[in-house]
Amino acid sequence: RDIHRQFADLICRLVDNVARQLPGVRPLPHDMATAIVGGVNELIMLALEDGRPGRLKEVANTATKLIWAVLLTLPEESALAAAVAKYTRG
């Protein structure tokens, strides 16, 4: 878990740098970075368990796309709260 935490910290720092340069990209919450690390780790484990270590480049491409997808669609906290409230009203 410590290694996962370190990778999540790294992703957050890298995203912070990108967010300062690109409008529309917001800092990534640490728990989201942790979820990304866990997902990428699972993809790596599946590739290795399937005996296809050559598939790791594909995993890297998927990880990159996942991070960008999260960054470009991450809602503002207020918009997220409003959406959650709308869909959880009974």
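The model shown is predicted, which means the values in this text are computed figures rather than measured ones.
Contact check for Val37 versus Ile3: no side-chain heavy atoms found under the 4.5 Å cut-off.
Distance check, rounded to the nearest 0.5 Å: CZ of Arg1 to CD of Gln6 gives 14.5 Å. Leu48 CG to Leu56 CG: the interatomic distance, rounded to the nearest 0.5 Å, is 5.5 Å. Put simply, CG on Asn41 and OG1 on Thr34 are 12.0 Å apart, with the number rounded to the nearest 0.5 Å. Remark: Asp16 CG to Ile11 CD1 distance equals 12.0 Å, nearest 0.5 Å. Annotation: the span from Leu46 atom CG to Arg52 atom CZ amounts to 9.5 Å, rounded to 0.5 Å. Taken from CD1 in Ile67 to OG1 in Thr62, the straight-line distance is 11.0 Å, to the nearest 0.5 Å.
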**Prompt:** Stepwise, does the side-chain contact (heavy atoms from CB on, under 4.5 Å) test hold for Val18 with Trp68?
**Reply:** CA-CA 11 Å; Val18 170; Trp68 277 108; 3.9 Å; yes
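Gln21 and Asn17 are not linked by any side-chain donor-acceptor pair at a separation below 3.5 angstrom, with hydrogens and angles left out of the test.
Pairing each heavy atom of Ala8 with each of Ala33, the nearest pair is O-CB, 3.7 Å. Arg5 and His30 make their closest contact through O-NE2, 4.0 Å (heavy atoms, listed as atom of the first residue, atom of the second, distance).
For Asp31, there are no salt bridge (Lys or Arg N to Asp or Glu O under 4.0 Å) partners, not counting sequence neighbours.
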